[in-house]
Amino acid sequence: MLGRHFHVCQDTHRRFVIDSPPASVRRVGWFTAVCVLVSNIIGGGVFTTTGFLARDIGDPLAILSLWMVGAVLAVAGAMTYAELGSALPHAGGDYVYLKKAYGPVVGFLSGWTSFTIGFSAAIAASSVSFASYLLRAIRVGEDERAPIVLLALTLVWSLTALHAQGLYVGSWVQRLVTTVKVLAIAVFIIGGLWTTTSRWGQLAIDPHPSLEPGATAVALIFIVYCYLGWNVAGYIASEIEQPSRLLPRIMIGGTVFVAAVYLTLNVVYLSALPIPALAEPPILPVAEKVAAALWGPTAARATAALLAISIAGAVSAMVWAGPRAYWAMARDGLWSRWAADLDPRTQVPARAMWLQAVWTSILIVSGSFEQLVVYSGVVLAAFTALTVGAVLVLRQRAPDLPRPYRAPAYPWLPLGLIVGALGLVAYSALNRPAEAAWGLLTVLAGLPLYWWWRRSTDLPGP
């Protein structure tokens, strides 16, 4: 519960004593929370992934269908997480849900994974992408490492400093960058649909009527990763006004909005250029190729700037949300007590923010985030299965827990999501065993820290 005062009592056993929240603590409304969610989901993936799909799938309608399947899975996931968020509207997101359902060990490993991979490595990778697109937009040193690293570090520390100023400044920044991002995407979509109206017929072209199951599975994994992030509102739940009532609307409504954006963007891509043109190298800059084809090279540079803004918005959302998990862990005695203090002036977990910024900077400078991102997928999919499973566990173990919102089609909806997530884990482990093993080792590396912090705070065993 963010915004509460904490005091460490020293007696036979050390505990964090939680007082009631001060009346002066600021809360954010539904619009700001939706901005966090939308920015967190829409990074750079949707502007690049369709090139790989064009190469591997080769069928416009099949590609759109896969994006639709991804949308259905994302909305179903948001519906399931919404039950957890409304029942446990506390800061920390997945850490809170897993700790409640499975105990402190699993909760800690979730938070540890968020710190090492889920947020920090994602922020590092996104910040480097931001720098690359920004330099491409202004055509200055776009292939040089030094300016990319410098710009990436500047973005991380600037956004951390802004969010450390408190919810007023942080929410203002998030609303601004998300509004600019969404408006720019809207201009791209409207202009693209207007320009390609006469070409919509080419969506029915089917150059590859028989799709390979392996290629389809890989394509769906790419798409699912583009939709990830709809759980971010749970990390800042205690900072949202009336979280038990609003969180389900924020998670589900925000995810539906993102799905609509993704589908219309892909209609523009697939109408603007034929499949061979989308699939030819360079595959990555799909949105830029489409803009250049429709409006010329200047538009391609403007699109690169749009991507930089979009990624900056995603970084801002992660800089805001991630530290709430580490702060919640520290409050519970499962992380360094140094990170458990809220800033006395701003009432935000500034220390946890700076800690995340330091680790992210190390990853950026060393370049090691690339390896972390490669094997993060299997780890995050495994924790997603555990979190969805928490709905089933808590329905049995805590039937009296207040649930203002209940996931529909219970238990089939969460069971289906668990099967899907475990399928991704199995597929990744079979096809990329080295990455899966490194992911498992990264998670298990947190166990010694858990036992050390648990003993140092004299907490009872799990």
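Note that the structure is predicted; figures quoted are calculated from it, not measured. Atoms considered below: every heavy atom in the structure, side chains included; atoms not considered: hydrogens, waters and symmetry mates.
- Using a cutoff of 4.0 Å between basic side-chain nitrogens and carboxylate oxygens, R403 and E83 are scored as salt-bridged.
- A donor atom on one side chain and an acceptor atom on the other are not found under 3.5 Å apart for S110 and D94.
- Remark: R395 is positioned above the aromatic ring of Y410, its terminal NZ or CZ atom under 6.0 angstrom from the ring centre and at most 45 degrees off the axis.
- Distance alone, capped at 3.5 Å, is enough to place a donor-acceptor pair between the R324 side chain and the W320 backbone.
- Between the S316 side chain and the A312 main chain, no donor and acceptor come within less than 3.5 Å of each other.
- Taking the six-membered ring for Trp and the full ring otherwise, the centers of W354 and W359 sit at least 6.0 Å from each other.
- Under the 3.5 Å distance criterion, the side-chain polar atoms of K181 are left unmatched by any main-chain donor or acceptor of L306.
- There is a side-chain donor-acceptor pair under 3.5 Å between S39 and T178.
- A donor-acceptor contact shorter than 3.5 Å is absent between the side chain of W230 and the backbone of M79.
- Aromatic pair Y227/Y262: centroids less than 6.0 angstrom apart.
- A donor-acceptor distance shorter than 3.5 angstrom exists from the side chain of S171 to the backbone of Y168, with no hydrogens or angles considered.
- Using modelled atom types, one side-chain atom of S129 and one backbone atom of A125 make a donor-acceptor pair closer than 3.5 Å.
- Between the W327 side chain and the A340 main chain, a donor and an acceptor come within less than 3.5 Å of each other.
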